[in-house]
Amino acid sequence: MAKKELNDDLFAGGSVLDGGKKSKKEKKSPKGKKSKKGISANTAKIIKSVVAVVIVIALLVTYVATGLVRKGFIHSTLQWTTYLTAVTIKNDDGDKINVPVSTYNYYYALKYNNLKQRQAAAKDSDDENSALMEILGLLQEPIDADFTKPLSSQETTDEDGNTITWQDYVHNEVIEDIEETYSFYLAAVKANDGVEPEIKSTQKTELESTISEYKEAAEGYGYTLSAYLVAVMGKGVTEHVFRQEAIRSYIAENYKSDISSEKITVEHKDEDYDKYRKDNADKLKTVNVRIFEAKDEKSAKAFLKALKDDASNFTELAVKYADGDFNKEYYKDDLASTQLYGSREFFKNSQFTIANPDDSSKKDEDKKYEGLDWLFSADRKAGDKKQFSNTVVYVLSPAAEPKVNAVNIRHILVSPKDDPSKATEASAKDWAAAKEKAEKILAEFNNGKKTADAFAKLAEKNSADPGSKENGGLYSDVEPGKMVATFNNWCFADGRKAGDTGIVQSQSGYHIMYLDSDSKTPVWKALAISQLDAEETIAKTEQIEKDYNAKVNWFGSRYFEIDTDIDR
């Protein structure tokens with residue numbers, strides 16, 4: 001997947017260090033339905049913008065195996081039509097690209113299959129596909145479309161409340177997906193002197209691995225790879241098109257990541273940060289809590305009822321109400337159900353239902369957050385507990401400006417799977433082997449010089465995290481809320497000091513931890529830096545989105561794959 005500088009689940013609320021920024025281009029689900037888990041706008045945008053990579057790689061084979069695919073494409077003999085221009089993406093400077101019908105069909109199949117799979121997953125929460133969709137953050141309320149009938153004969157409402165057909169809804173989403181991906185793709189090519197940038201070696205490996213898996217699946221169905229892709233994705237979606245679109249999606253997302261990691265164009269001074277601190281006192285306050293997201297409100301209410309006043313049984317209850325074998329094992333660690341120094345913005349970008357707004361269809365400034373208002377109220381005190389929808393929260397310390405510094409942390413990721421994003425699919429035996437390996441690596445470190453350089457060499461040799469491996473496992477100026485719970489809470493535990501080591505588990509594997517040093521940057525300032533940098537990033541990305549526009553070609557649109565091609 002694109003933007004995997006560190007495994008997606010390691011960073012809280014997304015796969016990049018983004019300072020909790022939100023997209024202004026966030027779209028609502030049909031009928032204004034909101035995510036069961038309160039997916040953050042940032043995560044939604046990441047998922048949306050890399051859907052061309054994520055959904056295909058994660059779900060296409062499943063679609064075929066379960067019959068959850070559009071069918072009826074292979075009978076068409078008008079393959080020449082796929083070379084016609086479907087959409088033109090251009091800017092005022094004359095930079096443009098003509099996107100062919102085959103690419104439209106590729107994106108249409110992704111969107112159609114995604115909606116259909118999302119509906120199936122939401123209807124059956126015990127289904128294996130539901131777990132996958134929940135991991136991707138796409139599990140939402142059932143969609144009121146009947147996929148056995150033409151979408152053009154069914155109606156829904158768009159984000160402005162207008163009545164449109166489901167076919168129009170899917171088409172509009174497809175055009176927006178194409179426009180967004182190709183806008184950043186073109187910007188990336190322009191920034192690289194007109195030459196298409198290389199994708200990362202890890203992305204090349206991932207793509208080739210995916211192609212290899214598809215070839216194997218195609219052979220199982222008696223197809224060549226191109227015929228297989230055409231059969232499940234539409235006219236013209238051959239291996240060449242599939243590769244091209246995956247690569248362009250990677251390039252687009254890499255460029256977004258580059259924008260996020262660039263130094264800000266406006267040089268901020270200490271007085272800028274001090275002013276931000278003064279003007280945003282409430283934003284900079286954080287809370288320390290024990291927190292758990294149950295699978296439903298009934299379980300959350302039972303959890304709260306059984307929770308002792310001192311929360312001494314919080315971990316026990318988290319294990320009891322955890323869903324699935326992995327989570328039951330994961331929540332045995334107190335750190336898994338703890339959040340230290342979580343800001344209001346962190347919770348808004350989390351998937352806890354305590355952070356769900358009263359109405360997701362409202363503009364962001366008009367939304368009310370009852371749960372967060374309670375949590376960050378001046379009336380809160382240590383020991384307060386509450387259940388909001390699926391969330392149970394116990395206050396360890398109420399909202400206040402954090403008195404800790406950001407940290408420079410090194411880690412070595414040992415995963416039970418070659419692909420850490422699939423670690424939760426590993427067997428208990430694989431997890432045990434990963435833990436044993438992590439313990440051996442830590443023992444090797446403790447029996448050596450026990451220096452940062454020594455740890456860095458072990459990270460370069462053993463870590464499964466491509467984002468930090470070549471840098472000796474180092475992440476600098478990490479403030480609370482950037483990493484997933486266990487990682488975050490280990491870093492900011494009381495008494496933590498430079499040179500400390502330990503092992504924590506996440507959904508990627510086991511992390512061998514080494515606190516390199518206190519960064520000397522107060523958390524409030526680190527948060528201010530992140531927010532100001534985020535504002536710069538948002539301005540840059542929004543400018544690109546403004547600069548490039550999509551125009552549908554009328555003649556090419558006559559040959560789009562639409563719902564009339566569905567076998568009924």
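Computed from heavy atoms alone, side chains included, the values below leave out hydrogens, waters and symmetry copies.
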- Message: Test side chain to side chain donor-acceptor pair (under 3.5 Å) on N327 and D323; report intermediate values, then the result.
- Response: CA-CA 6 Å; N327 285 329; D323 217 7; over 6 Å; no

- Do Y107 and H171 have their ring centres less than 6.0 Å from each other? no

- Report yes or no: does S389 contribute a side-chain atom to a donor-acceptor pair with the main-chain N or O of T391 at less than 3.5 Å? no

- Message: As an exercise, state the distance from CG of D358 to CG of D366, rounded to the nearest 0.5 Å.
- Response: 9.5 Å

- Task: Using modelled atom types only, decide if a donor and an acceptor are shared between the side chain of S415 and the backbone of S508 within a distance under 3.5 Å.
- Result: yes

- So do the side chains of D177 and K111 get within less than 4.5 Å of each other, counting heavy atoms only? yes

- Note on the structure: OH (Y106) and CD1 (I178) are apart, to the nearest 0.5 Å, by 10.5 Å

- Message: Within the 4.5 Å heavy-atom criterion, are F326 and E425 side-chain neighbours or not?
- Response: no

- Query: Say you draw a straight line from CD1 of I259 to CD of Q543; how long is it, rounded to the nearest 0.5 Å?
  - Reply: 11.0 Å

- Under a 4.5 Å cut-off applied to non-hydrogen side-chain atoms, are L532 and E536 in contact? no

- Taking every non-hydrogen atom, the tightest pair across P420 and D418: CD-O, 3.3 Å

- Task: Report yes or no: does S468 contribute a side-chain atom to a donor-acceptor pair with the main-chain N or O of N471 at less than 3.5 Å?
- Result: no

- Counting only heavy atoms not in E198, do more than 12 sit closer than 6.0 Å to its CD atom? no

- May I ask you to decide if K283's main-chain N or O and N280's side chain share a donor-acceptor pair within less than 3.5 Å? no

- Message: Between P357 and Y369, is there a side-chain heavy-atom distance shorter than 4.5 Å?
- Response: yes

- Message: In the structure I gave you, are the side-chain heavy atoms of R558 and L84 within less than 4.5 Å of one another anywhere?
- Response: no

- Within a reach of under 6.0 Å around NZ of K551, are more than 12 heavy atoms found that belong to other residues, nucleotides or ligands? no

- Message: More than 12 heavy atoms of other residues, nucleotides or ligands under 6.0 Å from CD of E370: yes or no?
- Response: no

- Can you tell me if S257 uses its side chain to pair, donor with acceptor, with the backbone of E253 under 3.5 Å? no

- Is any side-chain N of the basic residue among D282 and R344 closer than 4.0 Å to the acidic one's carboxylate O? no

- Task: Step through the shown structure and confirm whether more than 12 heavy atoms of other residues, nucleotides or ligands are within 6.0 Å of CD on E470.
- Result: no

- If you take all heavy atoms of S557 and V552, which pair is closest and at what distance? CB-CG1, 4.0 Å

- L110 CG to N105 CG distance, which is reported to the nearest 0.5 Å: 11.0 Å

- Task: Check whether any side-chain heavy atom of I97 lies under 4.5 Å from a side-chain heavy atom of T88, and answer yes or no.
- Result: no

- Task: Decide, yes or no, whether a salt bridge links K546 with D92 under the criterion of side-chain N to carboxylate O below 4.0 Å.
- Result: no

- Query: Are Q339 and F346 close enough, and set up right, to give a side chain to side chain contact (heavy atoms under 4.5 Å, CB included), and what steps lead you there?
  - Reply: CA-CA 10 Å; Q339 182 59 51; F346 163 79; 3.4 Å; yes

- Under 6.0 Å between the ring centres of Y112 and F147? yes

- Query: Hey, mind stepping through V99 and Y104 against side chain to side chain contact (heavy atoms under 4.5 Å, CB included) and telling me if it holds?
  - Reply: CA-CA 7 Å; V99 178; Y104 178 93; 5.8 Å; no

- Item | Interatomic spacing from NZ in K469 to CG in D465 - rounded to 0.5 Å | 9.5 Å

- Item | Close side-chain approach of N91 and N549, heavy atoms under 4.5 Å | no

- Task: Using a strict cut-off of less than 4.0 Å between a Lys/Arg side-chain nitrogen and an Asp/Glu carboxylate oxygen, indicate whether E208 and R243 qualify as a salt bridge.
- Result: yes

- So, for P197 and I251, which heavy atoms are closest and what is the spacing to 0.1 Å? O-CD1, 3.4 Å

- Message: The test is side chain to side chain contact (heavy atoms under 4.5 Å, CB included); show your working for E179 and Y548 and say whether it passes.
- Response: CA-CA 8 Å; E179 181 181 52; Y548 291 89; 5.7 Å; no

- Task: Could you please spell out the steps behind the side chain to side chain contact (heavy atoms under 4.5 Å, CB included) verdict for I175 and V87?
- Result: CA-CA 8 Å; I175 297 302; V87 183; 3.7 Å; yes

- Does I544 offer a backbone N or O that forms a donor-acceptor pair with the side chain of S183 under 3.5 Å? no

- Item | Between CE on residue M233 and CG on residue N113, distance to nearest 0.5 Å | 7.0 Å

- Aromatic contact, F242 with Y214 (centres under 6.0 Å): yes

- Task: Take E293 and T353 through the side chain to side chain donor-acceptor pair (under 3.5 Å) test and state the conclusion after the steps.
- Result: CA-CA 8 Å; E293 188 76 2; T353 53; 3.2 Å; yes

- Are the side chains of T157 and N162 in touch, meaning some heavy atoms are under 4.5 Å apart? no

- Message: side chain to side chain donor-acceptor pair (under 3.5 Å) for Q154 and D144? Distances and angles first, verdict last.
- Response: CA-CA 9 Å; Q154 304 172 62; D144 60 346; over 6 Å; no

- Message: Using a 3.5 Å distance criterion without hydrogens, assess whether the side chain of D193 forms a donor-acceptor pair with backbone atoms of V195.
- Response: no

- Query: Is the closest basic N to carboxylate O distance between E180 and K256 below 4.0 Å?
  - Reply: yes

- Message: If the threshold is 4.0 Å, N to carboxylate O, is there a salt bridge linking D93 and K190?
- Response: yes

- Considering all heavy atoms of both residues, which atom of T163 and which atom of E155 are nearest to each other, and what is their separation? CG2-OE1, 3.4 Å

- Which atom names give the shortest non-hydrogen contact between G509 and A423, and what distance separates them? N-CB, 4.4 Å

- Test side chain to side chain donor-acceptor pair (under 3.5 Å) on T165 and D168 and set out the steps. CA-CA 5 Å; T165 66; D168 287 339; 3.2 Å; yes

